[in-house]
Amino acid sequence: MLIAQLSDLHYRLEGDRLFGQVDPHRALAAAIEHVRGLNPQPDVVILSGDLVNDGGAEEYAGLARMLRRLPMPVYAVPGNHDRRELTREHLAFTGVMPADGPLRFVVDDYPVRLICLDSLAKGVHSGRLGAEQIDWLNCELAAAPDRPTAIFLHHPPFRTGIGFMDEIMLEDAPALAEVVARHPQVGLVAAGHVHRVIQTRFAGTLAVTAPATSHQVVLALSPDIPVAWVGEPAGCLLHLWTQDAGIVSHLSPVGDFGGPQSFG
Ligand SMILES: [Fe+2]
Ligand SMILES: [Fe+2]
């Protein structure tokens, strides 16, 4: 099974630039073409939040139109730039989003069970799952202890070393870690939000963040580096599951980098 994770689309309508330079519409179009050109084709696409940049209804409608170009099922969780009700209204075409409350759901149709969490917290850029959602997760994991499972959410539950992003990470990361640690079938916790690829050990499993399809965030590992975006390559993560190896995650950058060419 192959899962494509696209993150931080920050979608804006065609021609509407971000920071005067970034073109999220064009960047998403390129990412969609990239996914359509992958061999093998992913079985499913997960969008890990910041689906639109400014949370407007027209942007969600435009995003939904773009996503129809993808031939495989697409599932989305909200990020801090999203509005929950507009996400539900425009991106519910995959049929698994609950009719009300947090946009958390389980996709049970594949060899890997996909658990999507809603870390959107009103009025702040940091994330929060809340005790009720963490209990729900614990019950869902307890119900299928033998199924390989991947968890998707927007806010990473770990410190990345990029200080200004760590200030707006998942607030209740310790509570999530406590639940994940109880369920060894969790092979992956995959987030977005940081607009960079980062991995760490988390609660006995692997936690990763995905690159953005739009702009990337500067690699600010020193506190004197100011908050900034950079034009490093956009990309997606491809999470490959096989019976023998479990979940293995690959970076697939979007763009023309030359090749492939023979080693000979
Ligand atoms: Fe973002
Ligand atoms: Fe975010």
Side-chain angles (χ1 to χ4, degrees), residues 4-13 16-28 30-32 45-56 59-60 62-63 66-67 74-84 86-87 91 102-104 116-130 133 151-173 176 189-198 207-220 226-237 251 253-254:
Q5 181 189 358
L6 272 59
S7 200
D8 294 270
L9 290 53
H10 287 260
Y11 185 72
R12 277 189 165 183
L13 295 172
D16 191 0
R17 301 270 167 126
L18 249 182
F19 324 126
Q21 291 182 69
V22 176
D23 187 339
H25 172 91
R26 203 172 157 169
L28 178 60
I32 288 172
V45 170
I46 309 274
L47 309 175
S48 52
D50 284 356
L51 309 167
V52 305
N53 193 69
D54 306 303
E59 292 171 308
Y60 280 99
L63 172 61
M66 297 281 284
L67 295 174
V74 179
Y75 300 99
V77 298
N80 49 302
H81 281 260
D82 290 305
R83 279 164 56 190
R84 186 172 286 126
L86 287 171
T87 303
L91 300 182
L103 295 173
R104 64 177 190 214
C116 296
L117 301 178
D118 180 344
S119 58
L120 170 57
K122 212 169 177 189
V124 290
H125 283 290
S126 55
R128 200 178 308 129
L129 294 168
Q133 188 170 191
I151 295 173
F152 293 88
L153 76 169
H154 180 65
H155 294 83
F158 61 90
R159 290 191 184 281
T160 63
I162 299 177
F164 54 80
M165 294 307 298
D166 291 343
E167 283 172 18
I168 54 171
M169 65 179 272
L170 188 74
E171 291 172 12
D172 43 7
L176 175 64
V189 175
H193 191 48
V194 193
H195 297 220
R196 298 198 66 85
V197 180
I198 307 166
V208 300
T209 63
T213 65
S214 61
H215 53 290
Q216 312 307 307
V217 164
V218 69
L219 180 56
V227 179
W229 65 274
V230 286
E232 291 176 15
C236 62
L237 295 182
L251 167 65
V254 174

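First listed ligand is number 1; within each ligand, the first listed atom is number 1.
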Original post:
Taking only residues two or more places apart in sequence or in another chain, which ones pass side chain to side chain donor-acceptor pair (under 3.5 Å) with His25?
Top reply: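 By the side chain to side chain donor-acceptor pair (under 3.5 Å) rule, His25 matches Tyr11.
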Original post:
Going through the distances and angles, do His195 and His10 end up as a ring-ring contact (aromatic ring centres under 6.0 Å, His included)?
Top reply: CA-CA 11 Å; His195 297 220; His10 287 260; 4.8 Å; yes
Subject >> the Fe ion (ligand 1) - name of the N/O/S atom of His195 that sits closest to it >> reply: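 Going through the N, O and S atoms of His195 one by one, NE2 ends up nearest to the Fe ion (ligand 1).
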Subject >> Minimum-distance N/O/S atom that His10 presents toward the Fe ion (ligand 1) >> reply: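 Atom name of the closest N, O or S in His10: NE2.
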Original post:
Looking only at heavy atoms, which two atoms of Leu237 and Leu251 are closest? And how far apart?
Top reply: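 In this case the closest contact between Leu237 and Leu251 is CD2-CA, 4.0 Å.
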Subject >> Considering all heavy atoms, the nearest Ser48-Gln5 contact >> reply: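 Heavy atoms only, the tightest pair is OG-NE2, 2.9 Å.
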**OP:** Give a yes or no on whether the ring-centroid distance for His81 and His125 is below 6.0 angstrom.
**Re:**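 Yes, the ring of His81 comes within the 6.0 Å limit of the ring of His125, centre to centre.
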Subject >> For Ser126, the option from Asn80, Ile168, Asp166 that meets side-chain contact (heavy atoms from CB on, under 4.5 Å) >> reply: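 Option passing the side-chain contact (heavy atoms from CB on, under 4.5 Å) with Ser126: Ile168.
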**OP:** Could you give me a count of protein N/O/S atoms that are under 2.8 Å from the Fe ion (ligand 2)?
**Re:**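 Protein heteroatoms (N, O, S) closer than 2.8 Å to the Fe ion (ligand 2) number 4.
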**OP:** Over 60° means perpendicular and under 30° means parallel, so classify the ring planes of His215 and Phe19, tilted if in between.
**Re:**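 If you compare the ring of Phe19 with that of His215, the planes turn out perpendicular.
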